[in-house]
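Here's the structure we're looking at; comments come further down.
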Amino acid sequence: MAVADSASVKLEEFKIPTYILVHEAKVEDVPEEPNFPVIVFINSKSGGQLGGNLLVTFRNLLNEKQVFDLGEEAPDMVLRRIYVNLEKLKISGDELAVKIRERLRLIVAGGDGTAAWLLGVVSDLKLSHSPPIATVPLGTGNNLPFSFGWGKKNPGTDNNSVKLFLGEVMKAKEMQIDSWHIIMRMKTPKEGSCDPIAPLELPHSLHAFHRCSEADELNVEGCHTFRGGFWNYFSMGMDAQVSYAFHSERKLHPEKFKNQLINQSTYAKLGCTQGWFCASLFHPASRNIAQLAKVKVMRKHGSWQELHIHHSIRSIICLNLPSFSGGLNPWGTPNSKKKRDRELTPPFVDDGLLEIVGFRDAWHGLVLLAPNGHGTRLAQAHRIRFEFHKGACDHTFMRIDGEPWKQPLPVDDDTVVVEISHLGQVNMLATHDCRSKSINDPKTTPSNHNDEEEDSNEEDTTEDPEEYRKFGAADTFKIPDEIDLSHLS
């Protein structure tokens, strides 16, 4: 990320007066209207001590009422309160409230799971123009911040560093990103539970995948139905298993995970102990994707087609952003021959397509470190469907945007289905170092994309109901009856 001059950053451009944030607070005279008003959400537990330090710095520089600790208050509750207050002030004729709502930007500091949590909440608000979001990398992978130019290394937490970041927020451009809905349905098991098993405790961001309530329209009698959404990726198999082991270890010994470099080193060691480097020797063939489930895909306007997956593939990734596992790009850029013969395109974050990539083991994954390296490109799809084979396995491992879980599977059920479909879009803030590409950018459209970088030699193998189209991340977000939701657009 480019370095700006912190002395040129005027904090008044970002500050929001208290009466805008707190209902019935005394109206204050504001000497200068903020052109870039921000609401800041920080996971104080992320990045070792960095999250807590960053919280203190932001509160010292801005109005402390506009900076929130996600460990104390969920973002849906915060945004509910602020948007309701903005609407009431607008009705009373407050022009500053109208301008702040139009200019509002959000900042979220945490890991990918934390960022996805906020994105899910904003998506559920269904505003005609959602506030764009900037991400501060406080996690281990930091794929979301890296994709939009905010870097992947944990940032400084001093006044100067935060001012520099605010300067980048001021200059950042808006960019849309696709969101994806995931649903899993299975018959109610005769015994035991098939609820997702998180690493020791349920992370707050695993709102992204949970069992539907009885009142949910997706709920089917006699079945367990789970739903959620993601922004970066959904993966299943060995990579999710290693991630699950990492998160479990971190929950047991948090004192050992205070440094990003140490976290990444531990992750690599767990990949060895879990057998990810010698998967063909340490893991039964029943764990291979082809043995576990039948996979079907659908392009934007087509029918379901079965996807052939080689028997050696042990991990499958459905990717929305060009960043996975700390900044690697598993899809790469297909050359002209593969574009023509297989109708493959570069990865765009707003084209309504997911890139589906397979990996055999960790050695296969190391090809991503080579110039133009990529995994086994399986397909690009608007919808994806996994149909699990009866009795193939009693569990598997899944992961959404950095948050893994162990998923029990009923051995006597032949109707376990996971389906992924396009949900919608929200706005992100991107710096000039942004790696993500938009299909609407004339410089990066498929017709204008050149082949300056040749592909590697790695061989490849071959509208919903309204209630369906939400994350469920903001189930507590309810607008009072006296407020007209249409005015919040």
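If you're wondering where the values come from, they're calculated on a predicted model, not measured in any experiment.
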For this session: Using the test side chain to side chain donor-acceptor pair (under 3.5 Å), find all partners of K173 that sit at least two apart in sequence or belong to another chain.
Result: none
Exercise. Does anything in residues 33-81 pair up under ring-ring contact (aromatic ring centres under 6.0 Å, His included), and if so which pairs, sequence neighbours excluded?
Worked result: F41-F68
Exercise. For T396, what residues pass the side chain to side chain contact (heavy atoms under 4.5 Å, CB included) criterion, not counting sequence neighbours?
Worked result: M236, L292, F388, M398, Q407, L409
Exercise. Can you list the residues that meet the salt bridge (Lys or Arg N to Asp or Glu O under 4.0 Å) rule with K187, with sequence neighbours excluded?
Worked result: none
Exercise. Would a distance-only check, ignoring hydrogens and angles, find a side-chain to backbone donor-acceptor pair under 3.5 Å from D351 to I439?
Worked result: no
For this session: Say whether, by atom type as modelled, one donor and one acceptor occur between the side chain of N63 and the main chain of Q66 under 3.5 angstrom.
Result: no
Problem set entry | Between CG on residue L89 and CG on residue L96, distance to nearest 0.5 Å | 9.0 Å
Problem set entry | CZ on F148 to SG on C434, rounded to 0.5 Å | 6.0 Å
Exercise. Who are the ring-ring contact (aromatic ring centres under 6.0 Å, His included) partners of H382, not counting sequence neighbours?
Worked result: H422
Problem set entry | Contacts of F14 that satisfy ring-ring contact (aromatic ring centres under 6.0 Å, His included) - sequence neighbours left out | none
For this session: Mind checking salt bridge (Lys or Arg N to Asp or Glu O under 4.0 Å) for E24 and listing every partner two or more places apart, or none if nothing turns up?
Result: none
Exercise. With sequence neighbours left out, what residues match E13 under side chain to side chain donor-acceptor pair (under 3.5 Å)?
Worked result: N35
For this session: Check whether any side-chain heavy atom of L106 sits under 4.5 Å from a side-chain heavy atom of V38, and report yes or no.
Result: no
Problem set entry | Side-chain donor or acceptor of N43 paired with backbone N/O of T114 under 3.5 Å | no
Exercise. Less than 4.5 Å apart, any side-chain heavy atom of L319 and any of N232?
Worked result: yes
Problem set entry | Residues S438 and D441: side-chain donor-acceptor under 3.5 angstrom | no
Exercise. Side chain of Q380, backbone of T345: donor and acceptor closer than 3.5 Å?
Worked result: yes
Seminar exercise, completed: By salt bridge (Lys or Arg N to Asp or Glu O under 4.0 Å), K99 pairs with (sequence neighbours left out) E33
Exercise. Any donor and acceptor pair, going by atom type alone, linking the side chain of S315 with main-chain N or O of G237 inside 3.5 Å?
Worked result: no
For this session: Apply side chain to side chain donor-acceptor pair (under 3.5 Å) to the pair W231 and N320, showing each step before the final yes or no.
Result: CA-CA 6 Å; W231 306 90; N320 188 42; over 6 Å; no
Problem set entry | Test side-chain contact (heavy atoms from CB on, under 4.5 Å) applied to I133 and I107, step by step | CA-CA 6 Å; I133 301 168; I107 296 173; over 6 Å; no
Exercise. For G424, does its backbone N or O pair with a side-chain atom of S179 as donor and acceptor, under 3.5 Å?
Worked result: yes
For this session: List for me each residue that meets side chain to side chain donor-acceptor pair (under 3.5 Å) alongside D112, sequence neighbours excluded, and say none if there are none.
Result: N143
Exercise. Taking the side chain from R105 and the backbone from P37, do they hold a donor-acceptor pair closer than 3.5 Å?
Worked result: no
Problem set entry | Within 45° cone of F146 ring axis and under 6.0 Å: K152 NZ or CZ | yes
Exercise. For W331, is the NZ or CZ atom of R377 found under 6.0 angstrom from the centre of its six-membered ring and inside 45 degrees of the ring axis?
Worked result: yes
Seminar exercise, completed: Residues at least two apart in sequence or cross-chain that pass side chain to side chain donor-acceptor pair (under 3.5 Å) with N60, listed by chain then number, are none
For this session: Step by step, work out the side-chain contact (heavy atoms from CB on, under 4.5 Å) result for I183 and T225.
Result: CA-CA 7 Å; I183 180 172; T225 304; 3.8 Å; yes
Exercise. Is a side-chain donor or acceptor of T57 paired with a backbone partner of T157 at a separation under 3.5 angstrom?
Worked result: yes
Exercise. Does R385 have any salt bridge (Lys or Arg N to Asp or Glu O under 4.0 Å) partners at least two apart in sequence or in another chain, and if so, which?
Worked result: E387, E419
